[in-house]
Number of protein chains: 2
Amino acid sequence: MGKMVNGMSMSIAEVSEKFDLSQDTLRYYERIGLIPPVNRNKSGIRSYTEEDCKWVDFIKCMRQSAGLPVEALIEYVALFRQGDDTLETRKELLIEQRNRLADKIEEMTKTLTRLDDKIERYEQTIVKKEKMLRTGANRAF
Amino acid sequence: MGKMVNGMSMSIAEVSEKFDLSQDTLRYYERIGLIPPVNRNKSGIRSYTEEDCKWVDFIKCMRQSAGLPVEALIEYVALFRQGDDTLETRKELLIEQRNRLADKIEEMTKTLTRLDDKIERYEQTIVKKEKMLRTGANRAF
DNA sequence: ATACCTCCTGGAGTTAACTCCAAGTCAATA
DNA sequence: TATTGACTTGGAGTTAACTCCAGGAGGTAT
């Protein structure tokens with residue numbers, strides 16, 4: 001039950017490299033509360049712990065891949081920082097966003113089908129055109 | 001093989017209502033070439049034909065549901081307006097976007113799973129807390 | 001000690017995609 | 001004929017989410 005000490009910590013340059021996010025973006029995320037405040041060394045320079053990196057990873061995923069709204073994530077982080085009393089609220093927030101995401105995936109899947117249909121029709125049209133070129137169309141010459 | 005005449009045409013207000021897009025957005029889409037120029041009456045007022053509406057529907061779907069980039073759609077419309085010579089190019093453009101969309105859906109599906117796992121862990125943590133409250137924690141009183 | 005590198009902050013600038021607005025036209029109505 | 005209301009345009013303003021920058025500080029290599 002002791003606090004976990006882990007040996008490794010990373011500079012902002014390394015984190016930026018590792019997660020393919022610019023240093024500016026990392027600082028920006030922290031500034032607006034999209035990730036909790038990162039650990040600093042005595043001269044105020046960020047020193048990302050394992051934990052900090054996990055936040056970066058999580059937030060990057062939720063933003064770039066899932067497209068969750070920044071606002072919801074800021075709220076999530078704020079709740080997290082308030083401690084265990086907010087466990088239930090945080091869970092509900094995640095469920096809400098999970099459901100939105102599921103809806104979005106469904107909508108996109110429908111659109112994918114629509115695109116596929118359209119592409120299929122293009123295929124047919126093009127084949128038809130080619131057939132016409134090889135037969136009747138030659139009469140024009 | 002004659003040109004198709006269809007009786008009905010709609011005002012911008014009606015189209016806006018029907019597709020839940022603001023009039024400004026409809027004009028903006030047309031302005032930037034995201035839909036082909038809409039028919040006008042003699043005094044220059046837009047009068048959306050069935051065909052115009054289909055474009056609106058298609059573009060709305062590709063933008064809002066699939067999130068295809070405006071640029072790609074503008075190019076698609078431009079190619080369409082150039083006629084049948086661009087059939088193949090248009091098809092390829094659609095396939096490219098279709099594949100991007102499929103990738104995105106896959107990524108989002110993975111993220112959905114990740115969210116579900118996280119929610120599941122919250123569930124467990126909360127249940128554990130409750131159990132502790134009902135047993136040992138009471139010793140504090 | 002000078003130069004250099006990486007980092008810091010606060011704030012301004014950028015981009016995409018709308019969204020709003022002012023000034024004007026046109027057709028129908030009182 | 002004067003007013004009303006829906007429509008027009010070109011251009012300015014907004015929003016979200018970064019992205020860039022100027023000016024400055026700390027630690028290290030020459």
Side-chain angles (χ1 to χ4, degrees), chain A residues 9-49 52-53 55-78 97 100 104, chain B residues 9-49 52-53 55-78 97 100 104:
Chain A
S9 78
M10 299 168 83
S11 71
I12 196 169
E14 288 163 338
V15 176
S16 163
E17 173 81 7
K18 175 166 183 182
F19 293 103
D20 194 29
L21 289 171
S22 76
Q23 299 188 19
D24 272 319
T25 298
L26 286 169
R27 283 189 283 255
Y28 165 73
Y29 278 179
E30 188 179 346
R31 184 153 48 168
I32 65 171
L34 201 46
I35 57 176
V38 169
N39 290 283
R40 309 290 182 110
N41 67 17
K42 45 270 165 209
S43 45
I45 289 184
R46 289 177 182 79
S47 172
Y48 291 75
T49 63
D52 293 326
C53 285
W55 273 105
V56 171
D57 184 42
F58 175 65
I59 290 299
K60 178 185 174 176
C61 178
M62 292 305 140
R63 282 292 305 132
Q64 302 201 346
S65 156
L68 298 203
V70 164
E71 240 193 39
L73 293 168
I74 287 176
E75 196 190 336
Y76 178 77
V77 173
Q97 294 303 323
R100 279 181 199 281
K104 201 163 185 195
Chain B
S9 80
M10 299 168 82
S11 71
I12 196 170
E14 288 163 338
V15 176
S16 165
E17 172 81 7
K18 175 165 183 180
F19 294 102
D20 194 29
L21 290 170
S22 75
Q23 298 187 21
D24 271 319
T25 299
L26 286 169
R27 282 189 283 255
Y28 166 73
Y29 278 0
E30 187 179 346
R31 185 154 45 171
I32 65 170
L34 200 46
I35 57 174
V38 168
N39 290 284
R40 309 292 183 108
N41 67 17
K42 45 271 165 207
S43 45
I45 290 183
R46 288 176 183 79
S47 171
Y48 291 74
T49 63
D52 293 325
C53 285
W55 273 105
V56 172
D57 183 45
F58 175 67
I59 291 298
K60 179 187 173 173
C61 178
M62 293 305 139
R63 282 293 304 132
Q64 301 201 345
S65 157
L68 299 203
V70 164
E71 239 193 40
L73 293 169
I74 288 175
E75 197 189 336
Y76 178 76
V77 173
Q97 294 303 324
R100 279 180 198 281
K104 200 160 188 200

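The chains referred to below are lettered A, B, ... by the order of the sequence lines, with proteins before strands, and numbering in each begins at 1.
Environment of NZ in Lys60(B): crowded, with over 12 heavy atoms of neighbouring residues, nucleotides or ligands closer than 6.0 Å. Other residues, nucleotides and ligands contribute more than 12 heavy atoms inside 6.0 Å of the CD atom of Glu14(A).
Along DNA chain C, the nucleotide nearest to Ile45(B) and the one nearest to Gln64(B) differ in position, and the one closer to the 5' end is contacted by Gln64(B). Between Thr25(A) and Ser43(A), the residue anchored nearer the 5' end of DNA chain D, judged by the nucleotide with its closest heavy atom, is Thr25(A).
Here Ile12(A) lies in heavy-atom contact (under 4.0 Å) with sugar-phosphate atoms only.
Distance Met10(A) CE to dC7(C) P: 12 Å, rounded to the nearest Å. Atoms CD (Glu30(B)) and C1' (dG10(D)) sit 15 Å apart, rounded to a whole Å. At whole-Å resolution of the value, CD in Gln23(A) and C1' in dT19(D) are 13 Å apart. Rounded to an integer number of Å, the gap from CD of Glu71(B) to P of dT15(C) is 13 Å. Here the P atom of nucleotide dC20(D) and the CG atom of Leu21(A) are 14 Å apart, to the nearest Å. One can place CG of Leu73(B) at 10 Å from P of dC18(C), the figure rounded to the nearest angstrom. The separation between Asn41(B) atom CG and dC7(D) atom P is 11 Å, rounded to whole Å. Summarising the geometry, the separation between NZ on Lys60(A) and P on dC18(D) is reported as 12 Å, rounded to the nearest angstrom.
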For nucleotides 9-14 of chain C, print each protein N/O atom paired with a nucleotide N/O atom at under 3.5 Å, atom names and distance only.
| residue | atom | partner | partner atom | Å |
| --- | --- | --- | --- | --- |
| dT9(C) | OP1 | Arg40(A) | NH1 | 3.2 |
| dT9(C) | OP1 | Arg40(A) | NH2 | 3.1 |
| dT9(C) | OP2 | Arg46(A) | NH1 | 3.1 |
| dT9(C) | OP2 | Arg46(A) | NH2 | 2.9 |
| dG10(C) | N7 | Arg31(A) | NH1 | 3.1 |
| dG11(C) | N7 | Arg31(A) | NH1 | 3.4 |
| dG11(C) | O6 | Arg31(A) | NH2 | 3.2 |

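Arg31(A) meets the salt bridge (Lys or Arg N to Asp or Glu O under 4.0 Å) test with no other residue; sequence neighbours excluded.
Side-chain polar atoms of Ser22(A) and Asp24(A) form no donor-acceptor pair below 3.5 angstrom. Side chains of Thr49(A) and Ser9(A): a donor-acceptor N/O pair is absent below 3.5 angstrom, by distance only.
Remark: Tyr29(A) is not in phosphate contact with dA17(D), judged by side-chain N or O atoms under 4.0 Å from OP1 or OP2.
Between Glu30(A) and Arg40(A) there is a salt bridge, with a side-chain nitrogen of the basic residue lying less than 4.0 Å from a carboxylate oxygen of the acidic one.
Residues Trp55(B) and Tyr48(B) fail the side-chain proximity criterion, which asks for heavy atoms closer than 4.5 Å.
Listed candidates were dC7(D), dC18(D), dC7(C). Nearest to the side chain of Arg63(A) is dC18(D).
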